[in-house]
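Have a look at the structure below before the remarks.
Chain letters run A, B, ... following the sequence lines, proteins first and then strands; every chain starts at 1. No experiment lies behind these values; they were computed from the predicted model shown.
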Protein chains: 2
Amino acid sequence: MQPSDSLREQIIAQYDAMSAQLQQAARYVLEHPEEVALVSMREVARLAGVQPATMTRLAKFLGLPGYDELRAQHAAALRQGSDGFAAKVRQRVDEGSERGVSDTASHMLQGLSAQLAKLCEPDSLRRLEATATRLRSARKVYVLGLRSSHAVAWHFHYVMTLLGERSVHLDGPGGTGGDALIRATPEDVMLVISIKPYATGTLELAQLAKDKGVGIVSITDSEVSPLVALSEQTFFCPTESDSFFHTLTPALAVSEVLCSLLAEFDRSKTLEALQQADEHLSHLNTYSTAIPRRD
Amino acid sequence: MQPSDSLREQIIAQYDAMSAQLQQAARYVLEHPEEVALVSMREVARLAGVQPATMTRLAKFLGLPGYDELRAQHAAALRQGSDGFAAKVRQRVDEGSERGVSDTASHMLQGLSAQLAKLCEPDSLRRLEATATRLRSARKVYVLGLRSSHAVAWHFHYVMTLLGERSVHLDGPGGTGGDALIRATPEDVMLVISIKPYATGTLELAQLAKDKGVGIVSITDSEVSPLVALSEQTFFCPTESDSFFHTLTPALAVSEVLCSLLAEFDRSKTLEALQQADEHLSHLNTYSTAIPRRD
DNA sequence: AGATGTTTGCAACAAATAAATCATTTAAAT
DNA sequence: ATTTAAATGATTTATTTGTTGCAAACATCT
């Protein structure tokens, strides 16, 4: 599916020598070869977030006579790819004959893919929307997820922080995680994430919060989860996988969707908050801005 | 590999009602859908042996607003065809034209679902297997993922801990996260997770580990990620979503699959470790027993 | 700090494009 | 054979495209 491969490899090879804008353009080209073939240069530039001129410069940088050649190569690759469908199937069959490790992996991934697709059912969407609405109305959002759910809780909190929302993560060293609830009020909401087996700590803290009048909203795995009784809103997501462990992927996906919905509620405020975060982090040199180091 | 199928059928159905020139144009469109998507109208007209105006007339004849729509439909078909069987999922996405709140959610989830399905491509599976193999050979696995990647890193580490593997999470309060590397040896492997924007801390620690001879294995988002240069094995997973943020869901899914593969390598040992963990946790009253525990 | 060489954004340009308009041809019907 | 309507071709027009030139911003190195 790659554009002549040699071109693709060349882009990768020369990537380090490019300027920041050129890298941004090149990265988009690498990640969206079809678009390069199918839409105009100006449109590609817009999608890549660079100036139109940068695309021209990229082509020249790669030693091509102009952007048209860049598109032509991608178009040729796409032409091949379209009837290479048979080849792709053949390839998959070949791989399938091994009946080995990659079978397990493929099976798992397809299972997860199906689970996410299932979350699009009307009932799920309704619950998602209701949950987002409830969270939106909160003065503060306390996020609680222990043990395996920690990953989801933390990520939700992290994104909310970038949004400038008043998110508080109920976790911390030395078992002080619950202390943040000291000043919780009925205007606040707690988002609880917990899947089977349910950590006692989670349930205790959630109960405590509820006693203080805090609204409880939860992401859990079953109608018979102990969280259901505590919560105003509950979202159910599957955790079954054909491995030894329960999967957290659907739960993470749901939390990401929730973040997006909350962000969408007020786009301008979101954009402002993100810009603020951007500035802050760049002052701290948090991210590697420039070209990857060499050794 | 047909353009939206319905359009193709429509062309066939109305073919008999067309004039000679229109038929000639239509016939070329049917036989060379890729060209329609990839080259200009005038070029298609030249290839089809008709006047440019005829192509416009064909589009109008089919009830489309203009030739651009004809091209757009063919382009969409080509886009879908290019990434194989994820197309099925993507198709359902296109159907939703109303953009309500729950439509946003549905759109995101289906997009994620498609991305996971795409990870089943042969190349990805090969990389997964190679990564798992490399991790398996390690004496100790250091897990590193800062900022947004923290969730994935932590979850991987958490699961590995249950497996009894010697996993060390490089994170901790007071910026002491890297200290665990003090006694790292060339027999160890570090799993690094980082997506754009790449945290400088991640790159520095990874470089440090590499200097000590530790093998680096990474999950990242692009061929041109700075991690590629440092790593023995790299797995690429998409992070694009149509929200404000990059998605971590595919990365988490991959880390879960990796855990499973590692677990599968020695099933009996895995089962033993899990049972041990179960006992330990039940002695600590970690989980609520009010609900049936997992088997 | 000051000078130098890149990098980047903007605006202007010529070429090419799709669509609209008008003129000519063709075919059928009276 | 003449009229009429449709089909085709040629021409024009308003956009849009890829490219280039230039000045401001930027980093780099004495």
Side-chain angles (χ1 to χ4, degrees), chain A residues 3 7 11 14-29 32 35-76 275 278-279 282-283 285 287-294, chain B residues 3 7 11 14-29 32 35-76 200 224:
Chain A
L7 177 59
I11 296 176
Q14 298 196 250
Y15 186 85
D16 291 344
M18 295 178 193
S19 71
Q21 290 292 297
L22 244 42
Q23 287 192 340
Q24 193 173 332
R27 174 174 266 257
Y28 183 86
V29 171
H32 302 273
E35 299 304 318
V36 177
L38 291 170
V39 308
S40 75
M41 181 195 80
R42 292 174 112 93
E43 185 67 6
V44 173
R46 202 184 58 76
L47 291 168
V50 301
Q51 294 275 334
T54 305
M55 300 309 297
T56 299
R57 288 167 181 152
L58 174 64
K60 301 253 172 185
F61 184 88
L62 294 170
L64 304 174
Y67 180 82
D68 265 326
E69 184 59 27
L70 188 68
R71 181 194 3 245
Q73 297 227 23
H74 281 80
Q275 194 170 356
D278 243 13
E279 269 176 43
S282 77
H283 280 126
N285 267 339
Y287 294 122
S288 151
T289 51
I291 297 95
R293 46 162 73 207
R294 305 150 191 275
Chain B
L7 177 59
I11 296 177
Q14 303 200 34
Y15 187 82
D16 292 338
M18 294 178 192
S19 72
Q21 291 291 299
L22 245 40
Q23 286 192 344
Q24 193 173 333
R27 170 169 266 261
Y28 183 87
V29 171
H32 303 274
E35 299 304 319
V36 177
L38 292 170
V39 309
S40 76
M41 181 195 78
R42 301 175 100 88
E43 185 67 7
V44 173
R46 201 185 58 77
L47 292 167
V50 300
Q51 291 274 339
T54 306
M55 300 309 298
T56 299
R57 286 168 181 148
L58 174 64
K60 300 251 173 184
F61 183 86
L62 294 169
L64 303 174
Y67 180 82
D68 258 328
E69 185 58 28
L70 188 68
R71 193 216 325 269
Q73 297 226 20
H74 282 78
T200 48
V224 292

Could you check B:Ser19 against A:Val39 and say which one's nearest nucleotide on DNA chain D is further toward the 5' end?
B:Ser19
For nucleotides 20-25 of chain C, give me one character per nucleotide, 5' to 3': B if any protein heavy atom sits under 4.0 Å from the base, S if the only such contacts are to the sugar-phosphate, - if neither.
SB----
Reading DNA chain D in the 5' to 3' direction, which nucleotide is the first one with an atom under 4.0 Å from a heavy atom of chain B, and which is the last?
D:dA7 to D:dA10
Please enumerate all residues that pass side chain to side chain contact (heavy atoms under 4.5 Å, CB included) together with A:Ala37, with sequence neighbours excluded.
A:His74, A:Ala75, A:Leu78, B:Leu38
Could you give the CD-to-P distance, from B:Glu43 to C:dA16, as a whole number of Å?
12 Å
DNA chain C nearest-nucleotide lookup for A:Thr54 and A:Arg42: closer to the 5′ end is A:Thr54
Measure the CG-OG1 distance between A:Leu70 and A:Thr56 for me, rounded to the nearest 0.5 Å.
10.0 Å
Atom-pair distance (CE on B:Met41; C1' on C:dA18), nearest Å
5 Å
Rounded to whole Å, CZ of A:Arg71 lies from P of C:dT17 at a distance of 10 Å
Looking at side-chain heavy atoms only, is the closest gap between A:Leu58 and A:Met18 below 4.5 Å?
yes
Euclidean distance, B:Met55 CE relative to B:Tyr67 OH, rounded to 0.5 Å:
4.5 Å
May I have all residue pairs that pass salt bridge (Lys or Arg N to Asp or Glu O under 4.0 Å) and include part of residues 61-75 of chain B, sequence neighbours excluded?
B:Asp68-B:Arg71
If the condition is side chain to side chain contact (heavy atoms under 4.5 Å, CB included), which residues does A:Arg27 pass it with, not counting sequence neighbours?
A:Tyr15, A:Glu31, B:Lys196, B:Tyr198, B:Asp221, B:Ser222, B:Val224
Spacing of CG belonging to B:Leu7 relative to CG belonging to B:Leu64, to within rounding of 0.5 Å:
6.0 Å
Any heavy-atom pair between the side chains of B:Phe61 and B:Thr54 that's under 4.5 Å?
no
Between A:Gln51 (CD) and C:dA11 (P), how many Å, whole number?
9 Å
Rounded to the nearest angstrom, tell me the gap between atom CD in A:Gln23 and atom C1' in C:dT8.
14 Å
Applying side-chain hydrogen bond (donor to acceptor under 3.5 Å, both in side chains), can you list everything that pairs with B:Gln24, at least two apart in sequence or on another chain?
none
To the nearest angstrom, how far is B:Glu69 atom CD from C:dA18 atom P?
15 Å
For A:Leu22 and C:dG9, what is the distance between atoms CG and C1' respectively, to the nearest whole Å?
14 Å
Under the salt bridge (Lys or Arg N to Asp or Glu O under 4.0 Å) rule, what pairs show up with a residue in residues 45-65 of chain B, not counting sequence neighbours?
B:Glu43-B:Arg46
Hey, what bend do you get for the helix from C:dA1-D:dT30 to C:dA29-D:dT2 if you fit axes on five pairs at each end, rounded to 10°?
10°
Any residue meeting side chain to side chain contact (heavy atoms under 4.5 Å, CB included) with A:Glu35, in chain and number order, not counting sequence neighbours:
A:Tyr28, A:His32, A:Val39, A:Leu47, B:Arg79
May I ask you to say what B:Gln21 touches in the nucleic acid, namely base, sugar-phosphate or nothing, with a heavy-atom cut-off under 4.0 Å?
sugar-phosphate
